[in-house]
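The structure appears below as structure tokens.
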Protein chains: 2
Amino acid sequence: MATISDVARAAGVSPATVSRVFNGGRVTAERAQRVREAADTLGFSPNRVARSLRTQRASVIGLLIPDIANPFFTALARGVEDAAQRTNLSVVLCNTDEDVDKERRYLDVALAEHMAGLVVAAASRRRTDLSAAAQRGMPVVAVDRRPRAAEVDAVMVDNQHGAEDATAHLIERGYRRIACVTGPAGASTSEDRLAGYRAALRDADVPDDWIRAHTRHADFRVEGGYTAMKELLALDVPPDAVFVANNLMTVGALRALREAGIAPPGFGILSFGDVPWASLVHPSLSTVHLPAYDLGEAAATLLQERIAGSAKPLQTVVLRTSLEPRKSTAGPG
Amino acid sequence: MATISDVARAAGVSPATVSRVFNGGRVTAERAQRVREAADTLGFSPNRVARSLRTQRASVIGLLIPDIANPFFTALARGVEDAAQRTNLSVVLCNTDEDVDKERRYLDVALAEHMAGLVVAAASRRRTDLSAAAQRGMPVVAVDRRPRAAEVDAVMVDNQHGAEDATAHLIERGYRRIACVTGPAGASTSEDRLAGYRAALRDADVPDDWIRAHTRHADFRVEGGYTAMKELLALDVPPDAVFVANNLMTVGALRALREAGIAPPGFGILSFGDVPWASLVHPSLSTVHLPAYDLGEAAATLLQERIAGSAKPLQTVVLRTSLEPRKSTAGPG
DNA sequence: ACTCGGGCTGAAATCGATTTCTCACCCGGC
DNA sequence: GCCGGGTGAGAAATCGATTTCAGCCCGAGT
């Protein structure tokens with residue numbers, strides 16, 4: 001592996017000059033030419049480790065996501081990656097598995113590795129601690145989930161508004177007993193989506209205690225959705241529709257429904273977040289489409305501004321969701 | 001950010017001693033204790049960039065995969081990640097998008113970044129060039145796909161054997177006109193799977209020209225599977241079953257079948273590779289299960305041996321696939 | 001009592017790039 | 001002919017850890 005000194009020797013100049021050629025210093029054209037030729041024949045590319053050490057800034061950003069198997073997060077990751085690549089940053093993807101300990105270990109690595117910045121979809125609202133990074137001056141952007149009390153930029157979707165719209169859509173379609181499967185009590189996303197659901201039902205004069213009796217908290221995973229849905233179906237007067245707060249739980253809920261021999265349009269299903277291959281499988285599913293890719297792209301762009309030194313006040317970007325109603329127009333009747 | 005010298009000063013020792021405490025050198029218990037306390041109160045963790053520069057080896061490995069949206073590769077990635085974490089390596093995930101240029105750019109980054117090693121699911125069999133890395137002494141393990149003429153370790157599935165078994169299974173079920181949708185002509189995976197399919201049909205005395213007429217090459221993506229399936233269905237005598245060489249193309253094929261009003265068990269569908277949520281959706285789909293997670297884990301483990309300096313001769317690990325027949329037992333009739 | 005050896009230590013070199021500091025040189029103006 | 005200003009280039013310091021090297025101390029062996 002050729003070093004800068006090898007190139008310098010081959011070109012008959014000092015290492016400083018070689019560095020200047022590649023970093024836009026002032027060098028006479030003739031010398032610059034010699035350096036470039038030498039670099040080419042030696043196949044030189046600067047050692048990024050040494051550069052990072054000297055400049056105190058890496059060309060790597062970290063992306064912490066809770067579940068790489070979830071298509072929502074893979075789409076988000078692609079958005080981050082594409083944005084990062086535009087400024088020659090590489091992305092280290094860290095899968096925290098919704099596990100706060102694992103997440104903290106990755107945060108430590110990011111600090112020790114002196115990464116240029118972090119995009120974080122937090123594993124927990126209460127327990128994720130981003131202060132260490134912020135303290136050390138490492139730029140951080142929260143995405144999708146906002147850890148409580150974190151002084152960072154954030155890019156979110158309008159969870160509450162989207163959930164309210166979507167639930168209202170179910171009501172318009174004629175469903176009356178709309179249950180809800182939401183995520184863990186701690187997460188900002190599950191709370192906001194629940195709040196939107198509640199708002200829509202209240203607006204339709206559904207009493208609070210009915211709502212409470214028909215709400216289940218699960219874990220944002222397939223199994224949790226399955227169990228919660230079974231519970232709801234076992235009620236004395238089962239619901240005639242359900243609002244499910246994320247894509248994976250919808251898959252579980254669908255399984256529970258199939259086992260119970262229940263299907264749309266007699267039963268309304270609304271998923272917050274795109275269910276993979278849903279259009280193929282269940283054209284009768286309504287979904288709230290989440291701009292996952294754009295979320296990632298926006299977060300990475302924001303992060304790059306901070307890395308470049310922007311001192312603007314902290315900002316929160318909120319992207320709109322969009323409702324994709326099911327194809328069939330029939331209601332529950 | 002506390003440095004090793006800060007800790008040394010606080011503990012009243014030299015930086016060398018601090019380093020020895022953390023890297024298993026011989027230090028008296030009493031001093032080691034003082035160092036550890038100082039490190040704790042200062043919140044010291046060694047700067048990995050500096051360490052990498054000095055030791056000439058990073059604690060990061062690269063994972064190059066062609067499509068992060070494909071659940072097969074996300075499962076593989078998790079396997080790599082879990083294995084890597086056991087030895088405190090972090091994983092940089094690079095999504096090459098089946099694009100050889102993008103892949104080459106990532107390879108350059110990996111070299112400049114002096115990563116400890118690479119796990120590569122190559123974008124192309126012919127055009128992916130791993131020699132630069134090998135030449136510079138960077139350990140590389142090919143996974144799932146083997147680039148032609150690359151002198152590297154590899155972890156693969158037994159594509160041909162799995163495909164042959166699976167096709168034979170369709171024949172046993174009573175299907176007679178079994179078509180095939182495979183991947184791009186260049187890829188090792190699509191060629192091997194096609195070869196397995198062919199072997200099974202030949203074994204059942206199906207003439208070669210029939211086979212050739214009922215084989216389509218597509219691009220391993222949903223759209224390609226859809227188009228190929230439509231072509232096959234438009235034949236004068238359409239097939240009564242299809243062997244599809246990867247999971248995403250199966251999704252496309254299923255859509256084409258649904259649009260044509262065709263469904264199992266009248267039509268046999270065999271997917272090479274698990275289709276996400278298939279069990280929920282299409283219990284009547286047979287799949288060849290691929291051990292994606294284990295593939296990643298094995299590759300990362302092998303890579304770590306090489307990083308640790310193992311000089312064993314190059315090896316190729318082949319993992320077995322397993323056939324998961326559809327639930328219903330009825331045949332085509 | 002003297003030497004030899006083994007275990008700890010700290011000073012200093014090292015990794016490879018960037019960046020400051022210094023100096024030589026050239027040009028135009030007085 | 002002399003002097004300032006500006007420019008280009010090299011020597012050397014620097015980033016923060018690891019590692020070599022040399023020295024020191026202490027105990028054991030003769």
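All values below were derived from every heavy atom in this structure, side-chain atoms included, with hydrogens, water molecules and symmetry-related copies excluded.
Between B:Asp6 atom CG and D:dG16 atom P the separation is 8 Å, expressed in whole Å. Note: CD (B:Glu30) to P (C:dC8) measures 13 Å, nearest angstrom. The CD-P distance, from A:Gln56 to C:dA17, rounds to 17 Å in whole Å. Spacing between atom CG of A:Asn23 and atom P of C:dT19 amounts to 7 Å, rounded to whole angstrom units. Taking atom CD on A:Glu113 and atom C1' on D:dG16, their separation rounds to 14 Å, with Å as the unit. One atom, NE2 of B:His114, and another, P of C:dC15, lie 13 Å apart when rounded to the nearest Å. One can place CZ of B:Arg31 at 11 Å from P of C:dC8, the figure rounded to the nearest angstrom. Separating the CZ atom of A:Arg136 from the C1' atom of D:dG16 is a distance of 15 Å, rounded to the nearest angstrom.
Among the candidates A:Glu37, A:Arg36, A:Glu30, the single residue satisfying the side-chain hydrogen bond (donor to acceptor under 3.5 Å, both in side chains) test with A:Gln33 is A:Glu37.
Of the listed nucleotides (D:dA9, D:dG16, C:dG16), C:dG16 has the atom at the smallest distance from the side chain of A:Asn47. Closest to the side chain of A:Leu53, from the set C:dA11, C:dA17, D:dC15, is D:dC15. Of the listed nucleotides (D:dA9, C:dA11, C:dG16), C:dG16 has the atom at the smallest distance from the side chain of A:Ala50. Of the listed nucleotides (D:dA17, C:dT9, D:dA9), D:dA17 has the atom at the smallest distance from the side chain of B:Pro46.
Among the heavy atoms of the strands lying under 4.0 Å from B:Val13 are primed sugar atoms or P, OP1, OP2 only; no base atom is included. Residue B:Phe22 is out of contact with every strand shown, counting any heavy-atom pair closer than 4.0 Å. A:Arg48 comes within contact range of no nucleotide atom at all, as no heavy-atom separation falls under 4.0 Å. Within 4.0 Å (heavy atoms only), B:Val18 reaches no atom of the nucleic acid at all.
Contact between the side-chain N/O atoms of B:Thr3 and the OP1/OP2 oxygens of D:dG16 is not found at any separation under 4.0 Å. Taking side-chain N and O atoms only, B:Ser19 has no distance below 4.0 Å to OP1 or OP2 of D:dA17. Taking side-chain N and O atoms only, A:Thr28 has no distance below 4.0 Å to OP1 or OP2 of D:dG8.
A donor N or O paired with an acceptor N or O is not found under 3.5 Å between the base of D:dG6 and the side-chain atoms of A:Arg26. No N or O donor and acceptor, one from the side chain of A:Arg51 and one from the base of C:dT18, sit under 3.5 Å apart.
Under 4.0 Å is where a charged nitrogen must lie from a carboxylate oxygen, and between B:Glu305 and B:Lys312 at least one such pair does. Residues B:Asp108 and B:Arg105 are not paired through a salt bridge, judged by the lack of any N-O separation under 4.0 Å between the basic side chain and the carboxylate. Electrostatic pairing of A:Arg51 and B:Glu113 does not count as a salt bridge here, judged by no charged N lying under 4.0 Å from a carboxylate O.
Side-chain atoms of A:Asp6 come within 3.5 Å of backbone atoms of A:Thr3 as a donor-acceptor pair (strictly under, hydrogens ignored).
Map B:Arg54 and B:Pro15 each onto its nearest nucleotide of DNA chain C; the residue landing nearer the 5' end is B:Pro15.
A centroid separation of less than 6.0 Å is found between the aromatic rings of B:Phe44 and B:Phe22.
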